[in-house]
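Inspection log for the structure reproduced underneath, given as structure tokens.
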There are 2 protein chains.
Amino acid sequence: MAADNTSYKDKKVMTIGIISELTGLSERKIRYYEERKLIFPERTGKGTRKYSFSDVERLMEIADHIEDGIQTYEIKKELKKKQNREERNKMIRGQLNAQFNMRK
Amino acid sequence: MAADNTSYKDKKVMTIGIISELTGLSERKIRYYEERKLIFPERTGKGTRKYSFSDVERLMEIADHIEDGIQTYEIKKELKKKQNREERNKMIRGQLNAQFNMRK
DNA sequence: CGTGTAAGGAATTCTGACACG
DNA sequence: CGTGTAAGGAATTCTGACACG
């Protein structure tokens, strides 16, 4: 139990060149999906983008959707829904824990 | 059972700048440890070094040893011993599996 | 032996823009 | 809308070498 995930998967450590190789997407596309708020790389001190393995997975999803003719705006909405679901679950879990602890 | 590890941990995807940040070691040191055959980054098409999270862990170990005054040559010998141990274990496991399968 | 540094070149990344559609 | 490309600058990485010790 508890927050273990300082996992490697979410560490933002890769430059765009490697991400391009890993996903097969052009750098142009990758930057564009960021512009459309579909991915959120971090930046080094001087502005170079840094991505995680999670971002790679996310980009693959995005590419699939684009290929199906879905627009970036729709993909973003879907992403938001997913985040809301997780948000809600987290809250419910929190409340359950609170009740549980009160009974101790 | 079986070989799962196409894990993120061993993927060589980080440039030396990030490795330097992650380990706190200068790029000079990192390149030198490679020269002494203590780490083995891959290379991109045009020669840029690429490291994995395993390499980061390995570099931390190396740094600890260096700090203790151990020479790179000794560290390398130790690395070899470790690898031999793993080699042996793998072989024994292989033999056991072979015997086990024969009885089936 | 282990590490810093200045040197020069090559490769990478960044942004804003024009293009097509 | 999604993506390619040429443009120019800034930052990164690479190698071989000299330095100190």
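Numbers restart at 1 for each chain; the letters A, B, ... are given by sequence-line order, proteins then strands. The analysis underlying the following values was restricted to heavy atoms, covering all of them including side chains, and did not include hydrogens, waters or symmetry mates.
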Would you indicate, yes or no, if dG2(C) has its OP1 or OP2 atom less than 4.0 angstrom from a side-chain nitrogen or oxygen of Y32(B)? yes
Inset, instruction - Could you give me the CA-CA distance, side-chain angles and deciding distance for R31(B) and E35(B), then say whether salt bridge (charged side-chain N to carboxylate O under 4.0 Å, His left out) is met? - result: CA-CA 6 Å; R31(B) 293 199 190 97; E35(B) 190 184 320; over 6 Å; no
Under a 3.5 Å limit on both distances, the Watson-Crick or wobble mate of dA6(C) is none
Note: contacts of residues 39-51 of chain B with DNA chain D (heavy atom, under 4.0 Å) are R43(B), G47(B), T48(B), R49(B)
*Phosphate oxygens OP1/OP2 of dT12(C): is one of them under 4.0 Å from a side-chain N or O of T15(A)?*
no
Residues in residues 67-83 of chain B with a heavy atom under 4.0 Å of DNA chain C, by number, are Q71(B), T72(B)
Only residue of K29(B), R49(B), R58(B) satisfying salt bridge (charged side-chain N to carboxylate O under 4.0 Å, His left out) with E34(B) is R49(B)
Taken to the nearest whole Å, CD1/I16(B) to C1'/dT3(C) is 13 Å
In terms of heavy-atom contacts, K82(B) and E61(B) come closest through NZ-OE1, 3.3 Å
Problem - Flag for D10(B)-S54(B): side-chain donor and acceptor within less than 3.5 Å - result: yes
Between NE2 of H65(A) and C1' of dG2(D) the distance, given in whole Å, is 17 Å
Polar-atom pairs under 3.5 Å, protein N or O versus N or O of nucleotides 5-7 of chain C: list them with distances, or write none.
{"from": "dT5(C)", "atom 1": "O4", "to": "R28(B)", "atom 2": "NE", "distance (Å)": "3.3"}

Correct closest heavy-atom pair for D55(A) and Y51(A) would be OD2-CA, 3.5 Å
To the nearest angstrom, the CD-P distance between E35(B) and dG16(D) comes to 10 Å
Once you measure the plane-to-plane angle for F53(A) and F53(B), does it fall in the parallel (<30°), tilted (30-60°) or perpendicular (>60°) bin?
tilted
Whole-Å distance, R36(B) CZ to dT3(C) C1', equals 13 Å
Separation between NZ (K80(B)) and CD (E87(B)), nearest 0.5 Å, reads 14.0 Å
In this structure, CG of L79(A) is separated from CG of N84(A) (nearest 0.5 Å) by 9.5 Å
- Does K77(A) pair with E74(A) as a salt bridge, N-O distance under 4.0 Å? yes
Practice item. Tell me whether the OP1 or OP2 atom of dG2(C) has a side-chain N or O from Y33(B) closer than 4.0 Å. Key: no
E27(A) atom CD is separated from dC14(C) atom P, nearest whole Å, by 7 Å
Atom CZ of R31(B) and atom P of dG2(C) are separated, to the nearest Å, by 18 Å
Atom CD1 of I30(A) and atom C1' of dT15(C) are separated, to the nearest Å, by 16 Å
Re dG16(D): Watson-Crick or G-U wobble partner, both distances kept under 3.5 Å, found to be none
Nearest heavy-atom approach of M60(B) to L22(B) is CE-O, 4.3 Å
note: I18(B), atom CD1; dT12(C), atom P; distance rounded to Å ~ 15 Å
**Prompt:** T23(A) side chain to V56(A) main-chain N or O, any donor-acceptor pair under 3.5 Å?
**Reply:** no
Between the CD1 atom in I39(B) and the CD1 atom in I62(B), the distance rounded to the nearest 0.5 Å is 5.5 Å
